[in-house]
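Basis for what follows: all heavy atoms, side chains included, without hydrogens, waters or symmetry-related copies.
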Amino acid sequence: MSILTRTITVSPWQVALERYRGRPTVVLDAGRHKRPRRAQHEYVDMRRQSGVLAVQEIPTADALTVKVSVAHTWHVGDAVAFAERSAEPWAEVYLAIQVALRDALTGLTAEQVVALPRVELGSRVRAAVAGVATDVGIVVDEVVVKDVVLPAEIRSAAAEVAVGRHRAQAQLEAARAQTAALRSLANGA
């Protein structure tokens, strides 16, 4: 934008924050606006955005470490707070999600963590983060717990149990078939 331009254009998905000679910040909605001579303008994108937290390794009450992956969606609710209250507003919310996730899983065993409904866990984290997010002008729309992964040793032990259960079932079927065959032979004799 040139200094000689007397208007600014704000796109439908954003707002412009106008700062002029120490006066309170003015929020300019979509459209064309007159530009005061020495005013400064900052654009804030108001569209919904999504992201993924790095995989979190969280210790459980039974001294195992589970890996939890989380996705989130958010948008700017208060453009002035977003631009003026924090140098990195999303970093504050990101940290709050990490801490809330750890707090939600503290004291649970690995079995309880895996059995916990993901929707309920996501709702807990979202509710815990709402205050921090609102303070910096962000609205967290959704927090989704994508995956809860147990350590490899526990996964392989669970797989062995499942395989053993299927083998036992196969042996039981084979024994039933042998019993039926013996009965048939005994009845035939």
Side-chain angles (χ1 to χ4, degrees), residues 1-60 65-108 113-114 116-149:
M1 173 171 34
S2 169
I3 291 182
L4 299 175
T5 305
R6 305 298 273 156
T7 62
I8 65 164
T9 302
V10 181
S11 299
W13 61 85
Q14 61 187 185
V15 296
L17 303 179
E18 183 177 81
R19 295 183 187 90
Y20 182 64
R21 296 187 179 184
R23 293 182 187 153
T25 301
V26 175
V27 178
L28 303 175
D29 292 324
R32 256 199 142 114
H33 303 276
K34 287 186 179 181
R35 180 181 186 274
R37 208 166 212 181
R38 289 192 174 93
Q40 296 175 339
H41 293 90
E42 177 182 351
Y43 294 91
V44 177
D45 192 333
M46 302 297 283
R47 291 179 286 191
R48 190 174 187 184
Q49 299 181 43
S50 62
V52 178
L53 257 68
V55 174
Q56 302 294 301
E57 292 191 14
I58 301 173
T60 61
T65 302
V66 295
K67 293 180 181 181
V68 182
S69 63
V70 176
H72 53 273
T73 57
W74 60 280
H75 69 275
V76 175
D78 181 354
V80 175
F82 183 79
E84 295 179 357
R85 289 201 184 141
S86 175
E88 294 184 36
W90 178 245
E92 289 188 32
V93 176
Y94 187 95
L95 178 62
I97 290 174
Q98 286 180 318
V99 171
L101 182 63
R102 288 182 182 279
D103 288 348
L105 299 179
T106 298
L108 299 178
V113 170
V114 171
L116 191 64
R118 287 184 175 90
V119 173
E120 180 184 328
L121 181 57
S123 296
R124 277 193 214 171
V125 171
R126 183 174 164 261
V129 169
V132 172
T134 302
D135 188 46
V136 294
I138 292 176
V139 176
V140 178
D141 297 317
E142 191 174 21
V143 175
V144 178
V145 176
K146 294 187 337 181
D147 298 310
V148 176
V149 180

Going by heavy atoms in the side chains, are [X] and [Y] under 4.5 Å from each other?
{"X": "Gln56", "Y": "Val70", "result": "no"}
{"X": "Glu18", "Y": "Pro36", "result": "yes"}
{"X": "Tyr94", "Y": "Leu53", "result": "yes"}
{"X": "Val148", "Y": "Arg118", "result": "yes"}
{"X": "Glu57", "Y": "Lys67", "result": "yes"}
{"X": "Ile97", "Y": "Val125", "result": "yes"}
{"X": "Leu105", "Y": "Val68", "result": "yes"}
{"X": "Leu17", "Y": "Val80", "result": "yes"}

Taking all non-hydrogen atoms of both residues into account, name the closest pair between [X] and [Y] and its distance.
{"X": "Ala100", "Y": "Ala128", "value": "CB-CB, 3.7 Å"}
{"X": "Val145", "Y": "Gly122", "value": "CG2-N, 4.0 Å"}
{"X": "Ala79", "Y": "Val15", "value": "CB-CG2, 3.5 Å"}

Checklist entry - Does the distance from a Lys or Arg side-chain N to an Asp or Glu carboxylate O, for Glu42 and Arg19, drop under 4.0 Å? => result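 So Glu42 pairs with Arg19 through a salt bridge.
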
Item to check | Set of residues satisfying side chain to side chain contact (heavy atoms under 4.5 Å, CB included) with respect to Ala16, sequence neighbours excluded | outcome: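 Residues passing side chain to side chain contact (heavy atoms under 4.5 Å, CB included) with Ala16: Ile8, Val10, Leu28, Tyr43.
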
Next on the checklist: Does atom CD (Glu120) have a neighbourhood of more than 12 heavy atoms from anything else shown, all under 6.0 Å?
Outcome noted: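 Atom CD in Glu120 is packed in, count exceeds 12.
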
Next on the checklist: Can you tell me if Arg47 has over 12 outside heavy atoms packed within less than 6.0 Å of its CZ?
Outcome noted: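 It does: Arg47 CZ has more than 12 such atoms within range.
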
For the [atom1] atom of [X] and the [atom2] atom of [Y], what is their distance to the nearest 0.5 Å?
{"X": "Leu101", "Y": "Ile58", "atom1": "CG", "atom2": "CD1", "answer": "4.0 Å"}
{"X": "Ser11", "Y": "Met46", "atom1": "OG", "atom2": "CE", "answer": "13.5 Å"}
{"X": "Asp141", "Y": "Arg48", "atom1": "CG", "atom2": "CZ", "answer": "4.5 Å"}
{"X": "Thr9", "Y": "Gln14", "atom1": "OG1", "atom2": "CD", "answer": "10.0 Å"}
{"X": "Ile138", "Y": "Trp74", "atom1": "CD1", "atom2": "CH2", "answer": "5.0 Å"}
{"X": "Arg126", "Y": "Leu121", "atom1": "CZ", "atom2": "CG", "answer": "13.5 Å"}

Checklist entry - Trp13 and His75: aromatic ring centres closer than 6.0 Å? => result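 No: the rings miss the under 6.0 Å criterion.
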
Next on the checklist: The test is side-chain hydrogen bond (donor to acceptor under 3.5 Å, both in side chains); show your working for Thr73 and Gln49 and say whether it passes.
Outcome noted: CA-CA 6 Å; Thr73 57; Gln49 299 181 43; over 6 Å; no

Checklist entry - Tell me the salt bridge (Lys or Arg N to Asp or Glu O under 4.0 Å) pairs involving residues 85-102, sequence neighbours left out? => result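 Qualifying pairs: Arg85-Asp135.
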
Checklist entry - Is there a side-chain contact (heavy atoms from CB on, under 4.5 Å) between Arg35 and His41 once you walk through the steps? => result CA-CA 9 Å; Arg35 180 181 186 274; His41 293 90; 3.7 Å; yes

